[in-house]
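Below is one structure, written out as structure tokens; comments come after it.
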Amino acid sequence: MSSATDVRGPAEAPGYHARRTLPLSVEAMRQLRRRRTLLMGGVLAALPFILIIAFAIGGTPGGEEGGGGGSRINLMDVATESAANFAATCLFVSAGFLLVVPVALFCGDTVASEAGWSSLRYLLAAPVPRARLLWSKLVVALGFSLAAMVLLPVVALAAGTAAYGWGPLKLPTGGALATGDTVPRLALVVAFIFVSQLVTAGLAFWLSTRTDAPLGAVGGAVGLTIVGNVLDAVTALGSWREFLPAHWQFAWADALQPELEWGGMVKGAAVSVTYALILFAFAFRGFSRKDIVS
């Protein structure tokens, strides 16, 4: 007659270690080889060259811009002054939507695609613990999202140097940042954009654990991000807009001022991280109780 201690679970099997299942390097290589990863990287790398061609054809960028003004809009006026200005302009034109797409794609497709391929249950039967599977996929998805955001300004700096030369970042309000300060300031801008997109990452990842349709998770995250942008444009909401992540998405403009201002970026980062942690917690909690049938 056997006792309960005679039955050895996966965690007790010889040579089995939960932390060794689905290594980050394996998951990263799986995601890197996917066509959507290569396509997204190609689109982001091509954007600076498209803008250079557009500026060459259309003449001085931003010359006829009117209306609200401010440093955000007038970044276009100094786009061709130096490579740093060109990189800042590339981030400006892409931060509102284009950089949302890779975050939603990498985080929204990662779990749902496994379910859509009917391979999710086989991964869990390997056995890969559910928390370990989600953790590996989330870390890799966030890593690829960050890589996408770094790729754009790096290519823009290289292409801008060839097209417009290297030099200080000239400010649309007058003056310029020292050449030695431009790269650290641009790095700060990228870091803030990444943190501000954690809300989209959390939303996409949570939806990815709830559906077997990758396009549903990706589209839902992008759609709700757009809704947030629309709500932020409703001035009647007043101070309530400060609780919307979209309200702070361009707070990184404060990093491109002679005197670095942290107020807006700190508030925006706090709002984004709070929402993201809640959404990630929902994803892990829901997935731990979900019946996996695909």
Minimum-distance pair of heavy atoms, taken over all atoms of Asn229 and Ala246:
OD1-CB, 3.0 Å
Please report the shortest heavy-atom distance between Trp252 and Leu256, naming the atom on each side.
CZ3-CD1, 3.7 Å
Quick check against the 3.5 Å criterion: does Tyr164 have a side-chain atom that pairs as donor or acceptor with the backbone of Ala159?
no
Does Thr80 form a side chain to side chain contact (heavy atoms under 4.5 Å, CB included) with Asn85? I'd like the steps, not just the answer.
CA-CA 7 Å; Thr80 59; Asn85 282 92; over 6 Å; no
Could you check whether any side-chain N or O of Thr211 sits under 3.5 Å from a backbone N or O of Ala217, counting only pairs where one atom can act as donor and the other as acceptor?
no
Mind listing the closest non-hydrogen atom pair of Arg241 and His247 along with its distance?
O-CB, 3.0 Å
Residues Lys137, Glu27: salt bridge by 4.0 Å N-O rule
yes
Quick one: does any side-chain atom of Ser208 pair with a main-chain N or O of Ala204 as donor and acceptor, under 3.5 Å?
no
Measure the spacing between CD of Gln31 and CZ of Phe144 and express it to the nearest 0.5 Å.
6.5 Å
Point-to-point distance, once rounded to the nearest 0.5 Å, from CZ of Phe55 to CD1 of Ile50
12.0 Å
Roughly how far, to the nearest 0.5 Å, is the CZ atom of Phe284 from the OG1 atom of Thr209?
9.5 Å
Output the distance between atom CD1 (Ile193) and atom CG (Leu152), rounded to the nearest 0.5 Å.
8.5 Å
Could you please spell out the steps behind the side chain to side chain contact (heavy atoms under 4.5 Å, CB included) verdict for Leu98 and Leu47?
CA-CA 10 Å; Leu98 182 59; Leu47 178 63; 3.5 Å; yes
Do any N or O atoms from the side chain of Trp248 and from the backbone of Glu242 form a donor-acceptor pair under 3.5 angstrom?
yes
So with a 6.0 Å cut-off around CZ of Arg34, is the heavy-atom count from everything else above 12?
yes
Working note: Phe86 + Thr161, criterion side chain to side chain contact (heavy atoms under 4.5 Å, CB included); need CA distance, chi angles, decisive distance, verdict.
CA-CA 9 Å; Phe86 181 67; Thr161 300; over 6 Å; no
Do Leu260 and Leu188 touch side chain to side chain, with heavy atoms closer than 4.5 Å?
yes
Do Leu177 and Leu171 touch side chain to side chain, with heavy atoms closer than 4.5 Å?
yes
Do any N or O atoms from the side chain of Ser288 and from the backbone of Arg285 form a donor-acceptor pair under 3.5 angstrom?
yes
Distance alone, cut at 3.5 Å: any donor-acceptor contact between the side chains of Gln257 and Arg185?
no
Nearest-0.5 Å distance, CZ of residue Phe205 to CZ of residue Phe106:
15.0 Å
More than 12 heavy atoms from other groups under 6.0 Å of CH2 on Trp262:
no
Start with the C-alpha gap between Leu244 and Val271, add the side-chain angles, then the distance that decides, and say whether side chain to side chain contact (heavy atoms under 4.5 Å, CB included) holds.
CA-CA 7 Å; Leu244 297 172; Val271 171; over 6 Å; no
Would you say the side-chain atoms of Thr200 and Thr225 include a donor-acceptor pair closer than 3.5 Å?
yes
So do Leu157 and Leu186 actually touch side chain to side chain, heavy atoms under 4.5 Å?
yes
Beyond-backbone contact of Leu142 with Leu146, side-chain heavy atoms, under 4.5 angstrom
no
Phe194 to Ser145 - nearest heavy-atom pair and separation:
CE1-CB, 4.4 Å
Specify the closest pair of heavy atoms between Leu231 and Leu237, including all atoms of both residues, with the distance to one decimal.
O-CD1, 3.4 Å
Would the number of heavy atoms belonging to other residues, nucleotides or ligands and lying under 6.0 Å from CG of Leu277 be above 12?
yes
Do Leu99 and Ser94 have side-chain heavy atoms sitting under 4.5 Å apart?
yes
Scanning both residues in full, the closest heavy-atom pair of Val103 with Gln197 reads CG1-O, 3.7 Å
Measure the OG1-CE distance between Thr89 and Met76 for me, rounded to the nearest 0.5 Å.
6.0 Å
